[in-house]
Colleague: 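After the structure tokens below, expect a handful of questions from me.
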Protein chains: 2
Amino acid sequence: MQVTVKLPDHKSEDCRAISSVLARVGDKWSVLIIVLLGDGPKRFNEIKRAVGGISQRMLTLTLRGLERDGLVTRTQFPTIPPRVDYELTDLGRSLWSAVEPLGVWARSHVGHITKARAGFDEKADLQE
Amino acid sequence: MQVTVKLPDHKSEDCRAISSVLARVGDKWSVLIIVLLGDGPKRFNEIKRAVGGISQRMLTLTLRGLERDGLVTRTQFPTIPPRVDYELTDLGRSLWSAVEPLGVWARSHVGHITKARAGFDEKADLQE
DNA sequence: CTGAATCCCGCCAGATACTG
DNA sequence: CAGTATCTGGCGGGATTCAG
């Protein structure tokens, strides 16, 4: 009886695809913004304040990237002063749910990692 | 009847913790290497060849980082020529399983995203 | 073979100022 | 308010060389 593990073969195209998505997820701001938009549409400065520490430029660029990927929608109201709302698309929400396990993992293992880092650094310090 | 959604409150510490993990996951090479090590320990150059396109320097730095975080172990055999094996720790494997949903999501939505990008870019081109 | 060390360039993000 | 435009410094990362 054959007992092969059916690994989804790692073609280079798959790698690139995953990398492409991971680049978005790994982006310092993208996920934070997606999380924020998780509970409803928000305005530009609203996001800026909520995230904290992001420059106007980066927020603009990040939002553009998310919009380009079809993860958020941008709707502007022709009022004065202007008002622009950003909202998660269905795709965005599905990404959000795919990212959640990672968040859970993060919260439950951060302590472990922090300790590992401390131990590693301590050892490194003793060597020199 | 009240229908509140119980969101895990987003404290800044949580954000930093998640960001810290996301930084690792988002790192261009970390996850690829973790995936590779998923089916058993591998040698330095073995990883280098398998990943493809990574510089020696980056591979070294990435592996150090993963080791520091307690995600992989480094065991060197005092032979000539030297031989070093890298292997996933339990923590590393648990991260791997947390990342998997993302991989699944990526594969099933890459087409959608690619199309979204194309559409976005086309619109942008028409404007100018 | 597995690394450490050095040089060096490109681009990325922050700061700032300006526009509709 | 919600962006663009421009400049600039820092540093991430490739290429190369040396070492054990």
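Order of the sequence lines fixes the chain letters, A, B, ..., with proteins taken first and strands second; residue numbering starts at 1 for each chain. From a predicted model like this one, the values you see are computed outputs, not experimental measurements.
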Colleague: Does a salt bridge link Asp85(B) with Lys42(B), judged by any charged N lying under 4.0 Å from a carboxylate O?
Modeller: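 Answer for the salt bridge query: no.
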Colleague: Of the options dC1(D), dG3(D), dC1(C), whose atoms approach the side-chain atoms of Pro82(B) most closely?
Modeller: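 That would be dC1(C).
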Colleague: With a 4.5 Å heavy-atom cut-off, do Leu32(B) and Leu36(B) have their side chains touching?
Modeller: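 Side-chain contact under 4.5 Å: no.
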Colleague: Given atom CZ of Phe77(B) and atom C1' of dC1(C), what is their separation to the nearest angstrom?
Modeller: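 Rounding to the nearest Å, CZ of Phe77(B) and C1' of dC1(C) are 13 Å apart.
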Colleague: Taking for each residue the nucleotide of DNA chain C with the nearest heavy atom, is it Pro81(A) or Glu46(B) whose nucleotide lies nearer the 5' end?
Modeller: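 By nearest-heavy-atom nucleotide position, the 5'-most residue is Glu46(B).
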Colleague: Counting heavy atoms from C-beta on, name the nucleotide in dA4(C), dT2(C), dG3(D) closest to the side chain of Arg64(B).
Modeller: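 Minimum distance to the Arg64(B) side chain belongs to dA4(C).
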Colleague: Measuring from atom OG1 of Thr89(A) to atom CD of Glu67(A), what distance do you get when rounded to the nearest 0.5 angstrom?
Modeller: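 Taking OG1 in Thr89(A) and CD in Glu67(A), the distance rounds to 10.5 Å.
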Colleague: Among dA17(C), dC1(C), dG14(C), which nucleotide has an atom closest to any side-chain atom of Gln56(A)?
Modeller: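 Closest nucleotide among those given: dA17(C).
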Colleague: What is the distance, rounded to the nearest whole Å, between atom CZ of Phe44(A) and atom C1' of dA2(D)?
Modeller: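 That distance rounds to 6 Å.
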Colleague: Given dT2(C), dG20(C), dG14(D), identify the nucleotide with an atom nearest to the side chain of Trp29(B).
Modeller: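 The answer is dG14(D), which lies nearest to the side chain.
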Colleague: Out of dT4(D), dA13(C), dA2(D), which nucleotide sits closest to the side chain of Met58(A)?
Modeller: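 So the side chain of Met58(A) is nearest to dA13(C).
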Colleague: If you count the non-hydrogen atoms of other residues, nucleotides and ligands that lie under 6.0 Å from CD in Gln76(B), is the total more than 12?
Modeller: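 No - once you tally the heavy atoms of other residues, nucleotides and ligands closer than 6.0 Å, there are 12 at most.
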Colleague: Donor-acceptor check, side chain of Arg93(B) to backbone of Leu88(B), threshold 3.5 angstrom: yes or no?
Modeller: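 Looks like yes, one N/O pair under 3.5 Å.
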Colleague: Using atom CG of Leu61(B) as one end and atom C1' of dT2(C) as the other, report the distance to the nearest whole Å.
Modeller: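 The answer, rounded to whole Å, is 14 Å.
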Colleague: Measure the distance from CD on Glu67(A) to P on dG3(D) and round it to the nearest whole Å.
Modeller: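 To the nearest whole Å, that distance equals 9 Å.
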Colleague: Kindly say if Arg83(B) contacts the phosphate of dG20(D), meaning a side-chain N or O under 4.0 Å from OP1 or OP2.
Modeller: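 Indeed not, no polar side-chain atom of Arg83(B) lies that close.
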Colleague: The side chain of Arg57(A) lies closest to which of these nucleotides: dC1(C), dG14(C), dA4(C)?
Modeller: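 Selected nucleotide (nearest to the side chain): dG14(C).
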Colleague: Does Arg43(B) put a side-chain nitrogen or oxygen below 4.0 Å from OP1 or OP2 of dC1(C)?
Modeller: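 No, Arg43(B) has no side-chain N/O under 4.0 Å of OP1/OP2 on dC1(C).
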Colleague: Check the distance between dG12(D)'s C1' and Ile54(B)'s CD1 and give it to me in whole angstrom.
Modeller: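 Taking CD1 of Ile54(B) and C1' of dG12(D), I get 13 Å after rounding.
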Colleague: Reckon Tyr86(B) touches a base, only the sugar-phosphate, or nothing at all at heavy-atom distances under 4.0 Å?
Modeller: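 Sugar-phosphate contact only.
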Colleague: Whole Å only: how far is the CG atom of Leu63(A) from the C1' atom of dC1(D)?
Modeller: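 Leu63(A) atom CG is separated from dC1(D) atom C1' by 14 Å.
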Colleague: Asp85(A) has an atom CG; how far is it from atom P of dC1(D), in whole Å?
Modeller: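 Answer to the nearest Å: 14 Å.
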Colleague: In this structure, how many angstroms lie between the P atom of dA15(C) and the CG atom of Leu59(A), rounded?
Modeller: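 Rounded to the whole Å, the gap is 14 Å.
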Colleague: Taking 4.0 Å as the cut-off, does a side-chain nitrogen or oxygen of Arg74(A) come that near to OP1 or OP2 on dA2(D)?
Modeller: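 Indeed not, no polar side-chain atom of Arg74(A) lies that close.
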